[in-house]
Amino acid sequence: MAERVLEVENLSTSFKSKKKVTRATDGVSFYVERGEMVGIVGESGCGKSVTSQSIMRLYDEQDEVIYSGSVLFEGQNLMEIPYKDMDKIRGNRIAMIFQDALSSLNPVYTVGNQLMEAIRIHRGFHRKEAEALAVEMLRKVGIPEAGKRMKQYLHELSGGMRQRVMIAIALSCKPRLLIADEPTTALDVTVQAQIMNLIQELKQSENMGVILITHDMAVVAENCDRVMVMYLGQMVEESSVTEIFDHPMHPYTIGLIRSIPQMSTDTSQELYMIAGSLPLLSQIEGGCRFASRCPYATDRCRAEEPEWTEVSQGHRVRCHYPVAGKKLGE
């Protein structure tokens, strides 16, 4: 049995305001094994990024957020350790690549300063040791003239280069788990493929667990071992990537797969779209959260929330009427 680097059990994240508490994610459970890439997919607003940032406890726990559940990282429950001790884990044993490098990196410091800062803080290297490793990491992520790039600022780099710098920072401390939150969203198609190939290579060479957060089912199909589908703060389906694409069971999963653009000579063919739009969390009144957009919804779906059920080995779904074995387009 492969070693699990992360086990999330019944994780819920609620945000506080002056008037109410809103639950953004509800009962999320999954695991990640070493050397495995797990995809979390869903539309914007489904809770993917909240889940990843909750794992790292990035929110203000005094005034902003309430967590429940457990996050076991290498056997240690991150929800039970003192908050200040998370600094020894973030950026060190767990690293994260954020969506936009320009928003996540500091434009007034050079690439070298930002790389060396992470290395010196987490690995205790002296300046010359940190500089040598920083140059090595830039080379490892495919940046040419690494010594020259160390002295440059972000505005002197292309979008793909900036993203590679962020990956170099994330991997500089040899994390056991890498969380990549929409790492290719702002990049052109060619650079997207290069970045994903790079993450795959580093995952294998370092035996890391990887969580890939995306809304792009095509990227998941090409890169992930397993996939979890989220909708409005809940997991609605989980299985191997092959099983999900061959035998999707939740109507939302089917809709996401049908939405992938297809190469066709038929110019009259319209791109499939899931009906309706994502409701607000405040509009949840009970029952299945996808019921208002589901073509199979019944009165039971609107009144009774479905349970998280294993329908076959390793294949779980949250649906009263899982569309078992149904082929897309039928």
Side-chain angles (χ1 to χ4, degrees), residues 2-6 31-41 52 55-56 73-74 90-101 104-105 111-112 114-116 118-119 122-123 130 132-150 157-228 240-242 245:
E3 182 183 355
R4 293 184 179 181
V5 66
L6 181 75
Y31 66 90
V32 181
E33 295 176 346
R34 291 194 183 279
E36 178 185 43
M37 185 179 295
V38 176
I40 303 180
V41 300
S52 66
I55 289 171
M56 297 184 72
F73 173 66
E74 296 186 323
R90 297 192 202 99
N92 186 17
R93 294 162 61 194
I94 303 178
M96 191 164 187
I97 303 170
F98 294 92
Q99 295 184 28
D100 183 7
S104 304
L105 299 175
V111 168
Q114 296 183 69
L115 255 170
M116 290 165 62
I119 295 168
H122 292 299
R123 302 188 68 174
L133 179 57
V135 172
E136 179 187 338
M137 292 305 304
L138 291 180
R139 288 176 180 151
K140 196 168 187 177
V141 299
I143 293 181
E145 300 181 283
K148 176 183 175 181
R149 303 297 181 188
M150 288 278 289
L157 305 180
S158 67
M161 287 286 192
R162 295 180 198 128
Q163 202 70 11
R164 288 173 186 268
V165 169
M166 186 180 293
I167 294 172
I169 293 173
L171 297 176
S172 61
C173 296
K174 295 188 176 181
R176 278 74 157 179
L177 175 68
L178 176 67
I179 302 174
D181 188 355
E182 304 274 12
T184 61
T185 298
L187 306 177
D188 62 58
V189 176
T190 303
V191 178
Q192 283 184 24
Q194 292 173 352
I195 294 297
M196 289 311 306
N197 287 338
L198 172 63
I199 294 175
Q200 282 282 12
E201 291 169 6
L202 295 172
K203 177 201 77 169
Q204 294 171 8
S205 64
E206 302 295 337
N207 198 29
M208 292 186 306
V210 179
I211 298 175
L212 175 65
I213 297 170
T214 182
H215 61 270
D216 191 332
M217 292 294 286
V219 171
V220 167
E222 294 172 1
N223 294 280
C224 293
D225 301 297
R226 288 187 298 112
V227 57
M228 300 177 299
S240 69
V241 69
T242 303
F245 279 86

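Residues take their numbers from the sequence shown, with the count starting at 1.
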Grab the two heavy atoms, one from [X] and one from [Y], that are nearest each other, plus how far apart they are.
X	Y	value
Y31	R4	CD1-NE, 3.5 Å
A118	I169	CB-CG2, 4.2 Å
M161	P144	CE-CD, 3.5 Å
A180	I199	CB-CD1, 4.4 Å
A170	A95	O-CB, 3.0 Å
M166	S104	CE-CB, 3.4 Å

Starting at [atom1] of [X], measure out to [atom2] of [Y] and round the result to the nearest 0.5 Å.
X	Y	atom1	atom2	value
I167	I195	CD1	CD1	4.0 Å
F73	L177	CZ	CG	6.0 Å
E222	N197	CD	CG	9.0 Å
M228	L212	CE	CG	10.5 Å
N92	I119	CG	CD1	11.5 Å
I213	M96	CD1	CE	5.5 Å

Mind checking side chain to side chain donor-acceptor pair (under 3.5 Å) for Q194 and listing every partner two or more places apart, or none if nothing turns up?
-> R164
What I'd like to find out is whether the side chain of [X] reaches to under 4.5 Å of the side chain of [Y], using heavy atoms alone.
X	Y	answer
V111	L138	yes
R149	V165	no
I143	L157	no
I211	S52	no
I97	Q163	yes

Short question: side chain of H122, backbone of R90 - any donor-acceptor pair under 3.5 Å?
-> yes
Between D225 (side chain) and M37 (backbone), is there a donor-acceptor pair under 3.5 Å?
-> yes
Can you spot which of L198, V210, L178 makes a side-chain contact (heavy atoms from CB on, under 4.5 Å) with K203?
-> V210
Is E201 salt-bridged to K140, going by a charged N under 4.0 Å from an acidic O?
-> no
Between E36, E74, E206, which is the residue that forms a salt bridge (charged side-chain N to carboxylate O under 4.0 Å, His left out) with R176?
-> E74
